[in-house]
Number of protein chains: 2
Amino acid sequence: MDCVVFGFDEGELKLLLIERGLEPFKGRWALPGGFVRVNETLDEAARRELVGETGLKNVFLEQLYTFGEVERDPRERVVSVAYYALVKLSDHRAKAATDAANAQWFPVSKLPKLAFDHAEILRMALARLQGKVRYQSIGFELLPEKFTLSQLQHLYEAVLETELDKRNLRKKVLSFGLLVPLEETQMVGRHRPAQLFRFDQKRYEQLRKKGFHFEI
Amino acid sequence: MDCVVFGFDEGELKLLLIERGLEPFKGRWALPGGFVRVNETLDEAARRELVGETGLKNVFLEQLYTFGEVERDPRERVVSVAYYALVKLSDHRAKAATDAANAQWFPVSKLPKLAFDHAEILRMALARLQGKVRYQSIGFELLPEKFTLSQLQHLYEAVLETELDKRNLRKKVLSFGLLVPLEETQMVGRHRPAQLFRFDQKRYEQLRKKGFHFEI
DNA sequence: TCAAAAGTGTTCTTGATACACCCATGC
DNA sequence: GCATGGGTGTATCAAGAACACTTTTGA
């Protein structure tokens with residue numbers, strides 16, 4: 001099992017990598033991963049690995065694809081079920097960054113060369129993320145609990161690698177009625193403070209059962 | 001590996017099932033499947049199984065999901081990579097139906113009880129099919145090479161389980177410029193003969209590379 | 001001449017896009 | 001008072017949805 005862990009911080013999409021201590025690919029960066037035990041499900045294995053590497057519980061986790069090329073591991077035949085995870089990195093930055101000494105967050109735009117077929121796994125995870133973020137609420141899994149509409153816009157711009165119109169995006173996301181304005185504002189820098197919102201997950205689930213279809 | 005094989009015939013979406021000859025679930029119907037060999041990829045295993053059961057080459061095949069519940073096979077721990085396939089059933093009806101004595105096509109609306117967790121695998125395959133058919137050209141994989149617009153409409157109606165407006169659907173699919181009208185017409189029953197079309201796969205690939213986005 | 005499916009246009013409504021200025025704050 | 005990002009509305013255009021009658025054939 002391998003796990004593509006995405007975070008969003010400082011306006012950039014980031015990826016968690018582990019520096020390999022053993023051959024093959026010793027010293028190269030790789031996706032966190034490990035072997036599935038006989039008495040645990042695939043999901044449980046992915047979540048166990050995730051907790052081990054990041055210390056984070058309650059993160060979004062979804063199966064991505066299963067990679068079964070015969071020569072993908074030079075040692076022996078290994079089939080790998082890949083997952084991808086979305087973590088609220090800016091809420092847990094300090095913790096997540098330091099838990100594993102050999103783990104590090106890289107901007108997706110500036111990655112080192114990866115071990116095994118992990119570049120291909122990442123490519124697929126990015127494609128999935130870009131596809132799903134437009135019609136599911138998974139974007140909010142990457143934002144802190146309380147966020148501003150500018151943060152939301154920057155997230156979409158980073159993931160989709162495009163520029164978006166501020167007014168049109170705000171109009172659309174607010175029209176869903178899923179963002180709850182909070183009492184607080186966020187004050188950073190010498191300019192007007194920004195309204196904070198939270199995403200109403202419960203209401204989203206209700207609407208989705210009634211056939212509601214979210215789209216950015 | 002398990003394989004969800006869909007066909008479309010007589011206006012209905014159909015599923016290929018195998019009657020199990022051995023325990024567990026002896027006598028119950030199951031998805032075609034088998035074990036992946038050490039020196040073949042997952043895709044190769046799925047295609048090998050598909051050729052064995054249907055005798056069909058060149059069918060659409062895509063990985064669906066990997067099922068890893070601990071108790072999904074009562075004998076021992078088995079992880080299964082599920083695929084789904086789309087076959088042009090009406091082109092090959094006679095051949096496909098008789099190749100394997102214990103194989104049979106069932107309307108998706110009238111299925112027997114399935115072995116193992118195959119009902120869940122099917123549920124997921126149906127969801128995938130319903131999702132993808134709207135924005136990819138996979139629908140044509142279920143139609144014969146030459147088809148009428150009514151057949152196309154009935155296919156979408158069967159897969160999506162809705163009714164569609166004849167005029168709006170024709171307007172939209174023809175607007176893509178991907179359906180080539182043929183010289184021939186199809187004459188069935190005592191009414192006006194229907195224009196036959198073929199899907200221009202090459203042109204579709206070209207457009208897709210340029211960012212073209214198909215949607216029903 | 002009748003039954004049965006094939007084929008064809010227009011109107012209305014909705015949502016997408018494009019676009020420019022004022023506001024609140026810290027320095 | 002000025003630099004910085006936060007916040008807001010309207011006009012235009014394109015696509016989706018709703019809708020009914022004529023055409024061609026075989027029996």
Side-chain angles (χ1 to χ4, degrees), chain A residues 8-12 90 133-135 143-144 146-158 160 162-198 207 211-216, chain B residues 8-12 90 133-135 139 143-144 146-158 160-198 207 211-216:
Chain A
F8 179 70
D9 195 24
E10 298 165 334
E12 280 184 314
S90 44
V133 81
R134 298 193 58 243
Y135 64 91
L143 288 177
K146 301 171 182 180
F147 55 86
T148 70
L149 293 181
S150 291
Q151 285 178 292
L152 182 63
Q153 176 170 356
H154 292 140
L155 168 67
Y156 280 117
E157 289 180 335
L160 298 173
T162 49
E163 298 218 329
L164 297 170
D165 182 274
K166 180 164 60 164
R167 280 173 292 188
N168 290 339
L169 182 74
R170 281 165 187 247
K171 201 190 313 171
K172 192 184 271 176
V173 298
L174 291 177
S175 76
F176 300 143
L178 293 171
L179 298 191
V180 183
L182 303 175
E183 299 292 310
E184 315 159 61
T185 54
Q186 184 177 81
M187 192 61 256
V188 285
R190 45 174 188 158
H191 55 78
R192 181 172 172 175
Q195 176 67 246
L196 282 167
F197 293 84
R198 70 173 179 82
L207 288 174
F212 168 74
H213 184 66
F214 173 116
E215 178 147 2
I216 294 296
Chain B
F8 179 70
D9 195 22
E10 298 165 334
E12 281 184 313
S90 45
V133 82
R134 298 192 59 241
Y135 65 90
L143 288 176
K146 302 171 181 181
F147 55 86
T148 69
L149 293 183
S150 290
Q151 286 178 292
L152 183 63
Q153 178 173 355
H154 293 139
L155 168 67
Y156 279 118
E157 289 180 336
L160 298 175
E161 295 169 354
T162 49
E163 299 218 328
L164 297 170
D165 181 273
K166 181 162 63 161
R167 281 173 290 189
N168 290 340
L169 182 73
R170 284 167 183 244
K171 202 189 313 169
K172 192 183 271 179
V173 298
L174 291 176
S175 75
F176 300 144
L178 292 170
L179 297 191
V180 184
L182 303 174
E183 300 291 311
E184 316 157 63
T185 54
Q186 184 176 81
M187 190 64 259
V188 284
R190 46 173 187 159
H191 55 79
R192 181 169 173 176
Q195 176 66 247
L196 283 167
F197 293 84
R198 69 172 180 83
L207 287 174
F212 168 74
H213 183 66
F214 175 117
E215 179 146 2
I216 295 297

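Scope of the values below: all heavy atoms of this structure, side chains included, with no hydrogens, waters or symmetry mates. Throughout, a chain's letter reflects where its sequence line sits, starting with A, and its residues are numbered from 1.
Checked against B:Gln153 for a side chain to side chain contact (heavy atoms under 4.5 Å, CB included), the options B:Val173, B:Asp165, B:Leu164, B:Thr148 give a single hit: B:Leu164.
Closest of all the heavy-atom pairs between B:Phe197 and B:Leu149 is CE1-CG, 3.5 Å. Nearest heavy atom pair, residue A:Leu160 against residue A:Val133, reads CD2-CG1, 3.7 Å. For the pair A:His213 and A:Tyr135, the tightest heavy-atom approach, listed with the atom from each and the gap, is CE1-CB, 4.3 Å. Heavy atoms only, all atoms of each residue included: A:Ala158 and A:Gly11 are closest at CB-O, 3.9 Å. The nearest pair of heavy atoms linking B:Gln151 to B:Lys146 is OE1-O, 4.2 Å. When every heavy atom of B:Leu155 is checked against every heavy atom of B:Leu143, the shortest pair comes out as CD2-CG, 3.8 Å.
For the helix from C:dT1-D:dA27 to C:dC27-D:dG1, the axis fitted to the five pairs at one end and the axis fitted to the five pairs at the other end meet at an angle of 0° (nearest 10 degrees).
In terms of position along DNA chain D, the nucleotide closest to A:Val188 lies nearer the 5' end than the nucleotide closest to the other residue of the pair A:Val188 and A:Leu174.
Residues B:Gln195 and B:Ser150 have side chains not in contact (no heavy-atom distance under 4.5 Å, counting atoms from C-beta outward).
A straight line from NE2 of A:His213 to C1' of C:dT14 spans 16 Å, rounded to a whole angstrom. Per the geometry, CD belonging to A:Glu163 stands 15 Å off C1' belonging to C:dT17, to the nearest Å. One atom, CG of A:Leu164, and another, P of C:dA16, lie 13 Å apart when rounded to the nearest Å. If you measure from atom CD1 of A:Ile216 to atom P of C:dT17, you get 11 Å, rounded to the nearest angstrom.
Residue contacts shown for B:Thr148 are absent, as no nucleic acid heavy atom lies under 4.0 Å away.
A distance of 15.5 Å separates CZ of B:Arg167 from NZ of B:Lys172, quoted to the nearest 0.5 Å. Note that CD1 of B:Ile216 and CZ of B:Phe176 are 5.0 Å apart. Values are rounded to the nearest 0.5 Å.
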How would you summarise protein contacts on nucleotides 18-26 of chain C per nucleotide, using B for base, S for sugar-phosphate only and - for none, with heavy-atom distances below 4.0 Å? BBB--BBBB

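Between chain B and DNA chain D, the heavy-atom contact criterion of under 4.0 Å yields a 5' to 3' nucleotide range of D:dG16 to D:dA27.
Atom CD of A:Glu215 has more than 12 heavy atoms from other residues, nucleotides or ligands within 6.0 Å.
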